[in-house]
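FYI, the numbering just counts along the sequence from 1.
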Amino acid sequence: MTREIFLGVDGGGTKTAFILSKEGEEFYHKEKTIHLSQVSREEFKKRIENAIANLTKEANISKEEIAYTFLSVPGYGQYPDDEAFIDESLRELLGSDKFKVGNDCLNAWAGSLNAKPGINLILGTGSIGFGLDDKGESMRCGGWGPLIGDESSGYYIGKRLVNYFTKQSDGRIPKTLLYDEIKKELNIDDDFEIIPLTDGMTRDELAGIGKIFSKLIENEDECALELLDKVAYEAALTINTLGKKLSFDGEILASYSGGVFNLGKALTDAIEKYLDENIKLVAPYADPTMGALILAKKYWEENK
């Protein structure tokens, strides 16, 4: 008889969280990102292999005892060559075909709504929306990457905070608290130092500048409040679009995940102002890591 042992993998743009459930007992492990636009294929395999080795050792099981695995990978579904490599690698690392791979919007949705019909919006380093309606149809919205999309993401916020700084520095707009907080956060004396500094930043590092956003909002910084409104509008636009494109019966539940939502009510209240009347924003049931585990169990049940 197959033991109920499941592995959920929550791959994000910054980190990868692993959760192994052994008949109700849970074990956790973290690695850096497995996003193939940020790491080599060799490093991708190394990080997953290391996590599996650590978790199975801690749980005192062999990897062959894992009944089912769900692995989420940022960008999955956009690059066919990478998909084939990911599937082949996981088959090799797990020693079985008992797994499913999906975009990280899937486990975020499953966690936030317990895999029930509705919409999830991820606002992390990047951004993407996913919805599944009452008929079982699903679609994604947004998630076009940092250069041409990822509206409302941490990267989007960090980049625009820096843009406000440059405008305040040369006098296009009046200086606010934002100006001083950016200088303090980046430890710069001469304003022009920001050019080579940001040129050399990774996507994660630029998103990290957004950590000052909450303080600026609390102090009612004019530029920060303007940016908050833009973030809320773009977030609601993604949710509303999914609500219109999919076929839901009655009220639509929308939830969320990702570090940008650490802004709390300041952000959720701002988003609610732009949501269509038939959409209700609700707090997440669980986080995306638990969502990956929920999906591992769900797909196991469907494939038994």
Item to complete: Apply side chain to side chain contact (heavy atoms under 4.5 Å, CB included) to the pair L225 and E220, showing each step before the final yes or no.
Response: CA-CA 6 Å; L225 293 179; E220 298 186 349; 4.0 Å; yes
Fill in: side chain to side chain contact (heavy atoms under 4.5 Å, CB included) evaluation trace for I217 with L227
CA-CA 9 Å; I217 292 169; L227 179 56; over 6 Å; no
Item to complete: Apply side chain to side chain contact (heavy atoms under 4.5 Å, CB included) to Y233 and K273, showing your working.
Response: CA-CA 9 Å; Y233 170 79; K273 290 191 303 182; over 6 Å; no
Discussion item. Quick one, K15 with E31, criterion salt bridge (Lys or Arg N to Asp or Glu O under 4.0 Å). Give me CA distance, side-chain angles, the key distance, then yes/no.
Written reply: CA-CA 6 Å; K15 62 176 177 59; E31 293 280 341; over 6 Å; no
Discussion item. Is there a side chain to side chain contact (heavy atoms under 4.5 Å, CB included) between M290 and E26? Walk through the geometry before answering.
Written reply: CA-CA 10 Å; M290 187 58 70; E26 293 170 0; 3.9 Å; yes
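Counting heavy atoms from C-beta outward, L216 and L177 have side chains that approach closer than 4.5 Å. Looking at heavy atoms from C-beta onward, L281 lies out of side-chain contact with L253 at the 4.5 angstrom threshold. Taking 4.5 Å as the limit, some side-chain heavy atom of P288 sits within range of a side-chain heavy atom of S257. A 4.5 Å side-chain heavy-atom check between I61 and L20 finds at least one atom pair inside the cut-off. Annotation: side chain of Y256 is not in contact with side chain of L123 (no heavy-atom distance under 4.5 Å). By the 4.5 Å heavy-atom criterion applied to side chains, C223 and Q168 are counted as neighbours. Within the 4.5 Å cutoff, the side chain of D150 has heavy atoms near those of the R203 side chain. Using a 4.5 Å heavy-atom threshold, the side chains of I19 and H29 count as separate.
Checked against a 6.0 Å centroid threshold, the rings of F6 and Y68 do not count as neighbours.
The number of heavy-atom neighbours closer than 6.0 Å to CD of E222, taken from other residues, nucleotides and ligands shown, is 12 or below. Within 6.0 Å of CG on D170 lie more than 12 heavy atoms contributed by other residues, nucleotides or ligands. Heavy-atom contacts from other residues, nucleotides or ligands closer than 6.0 Å to CG of N187 number 12 or fewer. Within 6.0 Å of the CD atom in E42, the count of heavy atoms belonging to other residues, nucleotides or ligands does not exceed 12. Residue-environment remark: CZ (F27) exceeds the threshold of 12 foreign heavy atoms within 6.0 Å.
When the side chains of ILVMFWY residues are joined at heavy-atom separations under 4.5 Å, either directly or via intervening members, I119 and M139 end up in a single hydrophobic cluster. Neither W144 nor F130 shares a network with the other; the hydrophobic side chains, linked directly or stepwise wherever heavy atoms of I, L, V, M, F, W or Y lie under 4.5 Å apart, form separate groups for each. Using a 4.5 Å cut-off between side-chain heavy atoms of Ile, Leu, Val, Met, Phe, Trp and Tyr, with links allowed through other members, Y164 and Y156 fall into the same hydrophobic cluster. Residue V260 is grouped with residue L228 when hydrophobic side chains (ILVMFWY) are merged at heavy-atom distances under 4.5 angstrom, including chains of intermediate members. Hydrophobic clustering (side-chain heavy atoms under 4.5 Å, transitive across Ile, Leu, Val, Met, Phe, Trp, Tyr) groups M201 together with F213.
Between L161 and G210, the closest heavy-atom pair is CD1-CA, 3.9 Å. The minimum heavy-atom distance between W109 and N120, with the atom names listed, is CA-CB, 3.5 Å. Contact between Y285 and G111 at its shortest, heavy atoms only, is CB-O, 3.4 Å. For A283 against S255, the heavy-atom pair with the smallest separation is C-OG, 3.5 Å. The shortest non-hydrogen separation linking D10 to A292 is N-CB, 4.3 Å. Of all heavy-atom pairs between K98 and E64, the closest is NZ-O, 3.9 Å.
Atom CG in D229 sits 11.0 Å away from atom CD1 in I271 (nearest 0.5 Å). Distance CZ/F248 to CG/D134: 6.5 Å, rounded to 0.5 Å. The OG1 atom of T198 sits 7.0 Å away from atom CD1 of I209, with the distance rounded to the nearest 0.5 Å. With rounding to the nearest 0.5 Å, the separation of CG in N103 from CD1 in I122 is 7.0 Å. One finds the CG atom of L94 at 7.0 Å from the CZ atom of F99 (value rounded to the nearest 0.5 Å). Note that OG1 of T176 and CD of E181 are 9.5 Å apart. Values are rounded to the nearest 0.5 Å.
A donor-acceptor contact closer than 3.5 angstrom links the side chains of S37 and H35.
Although no hydrogens or angles enter the test, the distance criterion places a donor-acceptor pair under 3.5 Å between the side chain of E193 and the main chain of D190. At distances below 3.5 Å, not a single donor-acceptor pair connects side-chain atoms of N219 with backbone N or O atoms of D221. N163 places no side-chain N or O within donor-acceptor distance of the main-chain N or O of K159, the cut-off being under 3.5 Å.
Using a 4.0 Å cut-off between a side-chain N of Lys or Arg and a carboxylate O of Asp or Glu, D81 and R41 do not qualify as a salt bridge. A salt bridge links E92 with K45: at least one charged nitrogen is closer than 4.0 Å to a carboxylate oxygen. For R91 and E88, the salt-bridge test fails: no basic side-chain N is under 4.0 Å from an acidic carboxylate O. Between K297 and E301 no salt bridge is recorded (no basic side-chain N to carboxylate O distance below 4.0 Å). Salt bridge annotation for K135-D133: absent, with no cationic side-chain nitrogen under 4.0 angstrom from a carboxylate oxygen. With respect to the salt-bridge test (charged N to carboxylate O, under 4.0 angstrom), the residues K183 and D191 qualify.
For the pair K175 and Y179, the cation-pi criterion (under 6.0 Å, within 45° of the ring axis) is fulfilled. Annotation: cation-pi pair R47/F44 absent, no NZ/CZ under 6.0 Å from the ring centroid and within 45° of its normal.
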Could you give the side-chain donor-acceptor pairs of residues 234-244 under 3.5 Å, partners two or more places apart or in another chain?
residue: T238; atom: OG1; partner: E234; partner atom: O; Å: 3.3
residue: N240; atom: OD1; partner: D276; partner atom: N; Å: 3.0
residue: N240; atom: ND2; partner: A236; partner atom: O; Å: 3.3
residue: N240; atom: ND2; partner: Y274; partner atom: O; Å: 3.0
residue: T241; atom: OG1; partner: L237; partner atom: O; Å: 2.7
residue: K244; atom: NZ; partner: D276; partner atom: OD2; Å: 2.6

